[in-house]
S.K.: 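The structure's right below; bear with me while I get my questions together.
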Protein chains: 2
Amino acid sequence: MQYLRIKEELIEQIESGLFVARQKLPSERKLAEAFLTTRVTLREALRALESEARIYCEDRRGWFICPEPLRYDPRLTLNFADMAKQQGRIAFTELLQAKQILATKKTAKLLQVPMLTNIYHITRVRYLEKRPVVYVVNYIKADYFAKLLDFDFTQSLTVAYKKHYSLCYQTTYYRISTTSLSGEVALALRATSGSPAMLIERTNYDQKGRLIDCDLEYWRHDALCIESVAELVSQEA
Amino acid sequence: MQYLRIKEELIEQIESGLFVARQKLPSERKLAEAFLTTRVTLREALRALESEARIYCEDRRGWFICPEPLRYDPRLTLNFADMAKQQGRIAFTELLQAKQILATKKTAKLLQVPMLTNIYHITRVRYLEKRPVVYVVNYIKADYFAKLLDFDFTQSLTVAYKKHYSLCYQTTYYRISTTSLSGEVALALRATSGSPAMLIERTNYDQKGRLIDCDLEYWRHDALCIESVAELVSQEA
DNA sequence: GAGTGGTCTAGACCACCCG
DNA sequence: GGGTGGTCTAGACCACTCG
């Protein structure tokens, strides 16, 4: 089990402070040579470190040391910028696409509307310290938000809801699972196909209990940790 | 990108119903031959399917189709057996170890007690349909629970707390992150070192706000999804 | 243009599982 | 005891990044 030995040695090097957050590791060939092994085995060790969220891979750029994950509390109104700021992080949002579409079978189901209903479809990438960490897809019921597309989506959606429509999230159903990145999502996050990820799916309701939007968030798995408090309700509830 | 093609073909085969949940895939050598490739490339495809939680690997036994994940709501008092039952699953708990120990630096910090305080240390593995899916470590403040070790830990801890000590969880701080399995944990879950996992760390307080125990849960990542509802509180809170 | 990461080949040996 | 999965070797080619 050479790759485990290599993994442990790299962990020591990381923890000793030889590498700092966001720093690039030496090239795979150099590491393989240093550990007297082949690239295949060396990459096995790197993959293990990746699963432990100690390093991450940028497609064709190399391996880097993970910074601290962002702490995410599902109970809070999710304003990415503020959440990052409160944790001393530098956030940035890039708009990939914002358009009005007709609900497909899948999106109709998500928003609980008939097929072919008008909905908005917004795709964004969010960055922490210039690293893309999450790919966000929003599906929004168009009838509550006339002219929504006029607004600036590099700002928070929830702020726009409140400011222009006096609506805000009251209740959120969410689902968190692990998955992997591929295709367009992987590309936007500079990840290779197959990189481990967390998927957060949310369905949001306003003060009146009306479903207003859904979002799908694909997080690089090392960039996030869920942290929250629960006041427990009994099992029978 | 052969391995992506192979992955897609296997997904089709799975979705077509050619394989059913918990079924074993053909051996890696046979699959490699069928897809006209080498084992290395074939395994790349299998790893991708593993990250997507479509198949899982039992150490030295082979690859199997994932059953549905267990839905886990952090707001509920966590009684594994009942949770499983409610979802029509067959649950079983195996006790690995239950003993009294003196708090180490790490466990003292977790339980917010001085070092060398008496605490209980319980290690269990939980199964769904005979598959080990989560490795649970409990650290419990001993002074609230005289003679706790006399009880049956294949049953729920929370039931024992309530029945014998009239204590129950009121508030829980939890943290969910992704990691990978290794060592003893991997062994107990029949996983290979490096398998993707979710780690749930919880700190539990009773009705009087006293910290009573902590637990660390290492889940096979495909076996779990977090599903819950949040009533949102404002950002400023 | 040099070097890099992503992908792939064609083998090999071993410990272990299962029949 | 045969076949399996886990691990490893020693290469190779290509498209891409970066200086």
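Computed over heavy atoms, backbone and side chain alike; hydrogens, waters and symmetry mates excluded. Order of the sequence lines fixes the chain letters, A, B, ..., with proteins taken first and strands second; residue numbering starts at 1 for each chain.
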S.K.: Should the pair B/Phe80 and B/Trp219 be assigned to parallel (<30°), tilted (30 to 60°) or perpendicular (>60°) ring geometry?
M.R.: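 B/Phe80 vs B/Trp219 ring planes: tilted.
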S.K.: To the nearest Å, how far apart are B/Ile6 CD1 and C/dT9 C1'?
M.R.: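 Going from B/Ile6 (CD1) to C/dT9 (C1'), I get 13 Å.
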S.K.: Salt bridge or not between A/Arg54 and A/Glu52? Use side-chain N to carboxylate O under 4.0 Å.
M.R.: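 Between A/Glu52 and A/Arg54 there is a salt bridge, with a charged N closer than 4.0 Å to a carboxylate O.
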S.K.: Test of understanding: with ring pair (Phe, Tyr, Trp, His ring centres under 6.0 Å), list the residues that count as partners of A/Tyr135, not counting sequence neighbours.
M.R.: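 So A/Tyr135 forms no ring pair (Phe, Tyr, Trp, His ring centres under 6.0 Å) with any residue.
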S.K.: Please give, in whole Å, the distance from D/dT7 P to A/Arg47 CZ?
M.R.: 15 Å
S.K.: Between C/dT9 and B/Thr37, is there an OP1 or OP2 to side-chain N/O distance shorter than 4.0 Å?
M.R.: yes
S.K.: Toward the 5' end of DNA chain D, which comes first, B/Val40 or B/Leu25, by nearest nucleotide?
M.R.: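 Looking at DNA chain D, the more 5' nearest nucleotide goes with B/Leu25.
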S.K.: Once you apply a heavy-atom cut-off of 4.0 Å, does B/Ser27 come out as touching a base, just sugar-phosphate, or nothing?
M.R.: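 Counting heavy atoms under 4.0 Å across all strands, the contact made by B/Ser27 is with sugar-phosphate only.
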S.K.: With a 4.0 Å limit, can you tell me whether B/Tyr3 has a side-chain N or O closer than that to the phosphate oxygens OP1/OP2 of C/dT7?
M.R.: yes
S.K.: Measure CD/A/Glu33 against C1'/C/dT4 and give the value in whole Å, please.
M.R.: 15 Å
S.K.: Between the side-chain atoms of A/Arg39 and the base atoms of C/dG6, is any donor-acceptor pair under 3.5 Å?
M.R.: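 Yes, a donor-acceptor pair under 3.5 Å.
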S.K.: I need the CG-P distance between B/Leu4 and C/dG6, as an integer number of Å.
M.R.: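 Value for this atom pair: 13 Å.
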S.K.: Looking at A/Pro69 and A/Cys225, what are the two nearest heavy atoms and their distance?
M.R.: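 It is CB-N, 4.0 Å.
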S.K.: Given atom CE of B/Met1 and atom P of C/dG5, what is their separation to the nearest angstrom?
M.R.: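 My rounded result for the distance is 17 Å.
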S.K.: In this structure, how many angstroms lie between the P atom of C/dA10 and the CD atom of B/Glu44, rounded?
M.R.: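 My rounded result for the distance is 17 Å.
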S.K.: Between A/Glu33 and A/Arg29 (salt bridge meaning N to carboxylate O under 4.0 Å), is one present in this structure?
M.R.: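 Judged by the 4.0 Å cut-off on N to carboxylate O distance, A/Glu33 and A/Arg29 do not form a salt bridge.
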S.K.: Look for any protein N or O under 3.5 Å of an N or O in nucleotides 14-19 of chain C and output each such pair with its distance, or none.
M.R.:
residue : atom : partner : partner atom : Å
C/dC18  : OP1  : B/Arg61 : NE           : 3.4

S.K.: Quick check with a 6.0 Å cut-off and a 45 degree axis cone: is A/Arg131 positioned over the face of A/Tyr56's six-membered ring?
M.R.: yes
S.K.: Given C/dT4, is OP1 or OP2 found less than 4.0 Å from the side-chain N or O atoms of A/Lys30?
M.R.: yes
S.K.: On the 0 to 90° scale, with breaks at 30° and 60°, tag the B/His121-B/Tyr139 ring pair as parallel, tilted or perpendicular.
M.R.: parallel
S.K.: Of the nucleotides C/dT9, D/dG6, D/dT7, which one has an atom closest to the side chain of B/Thr41?
M.R.: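 The answer is C/dT9.
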S.K.: Are OP1 or OP2 of C/dT9 and a side-chain N or O of B/Gln2 less than 4.0 angstrom apart?
M.R.: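 So the side-chain polar atoms of B/Gln2 do come within 4.0 Å of the phosphate oxygens OP1 or OP2 of C/dT9, strictly under.
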S.K.: Return no unless some side-chain N or O of B/Lys24 is found under 4.0 Å from OP1 or OP2 of D/dG5.
M.R.: yes
S.K.: Below 4.0 angstrom from OP1 or OP2 of C/dG6, is there any side-chain N or O of A/Arg43?
M.R.: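 So the side-chain polar atoms of A/Arg43 do come within 4.0 Å of the phosphate oxygens OP1 or OP2 of C/dG6, strictly under.
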S.K.: Roughly, in whole Å, what's the span from CG in B/Leu42 to P in C/dA10?
M.R.: 14 Å
S.K.: B/Phe35 has an atom CZ; how far is it from atom P of C/dC8, in whole Å?
M.R.: 13 Å
S.K.: Taking NZ, NE, NH1 and NH2 as the nitrogens, is one of them in A/Asp59 or A/Arg190 under 4.0 Å from a carboxylate oxygen of the other?
M.R.: no
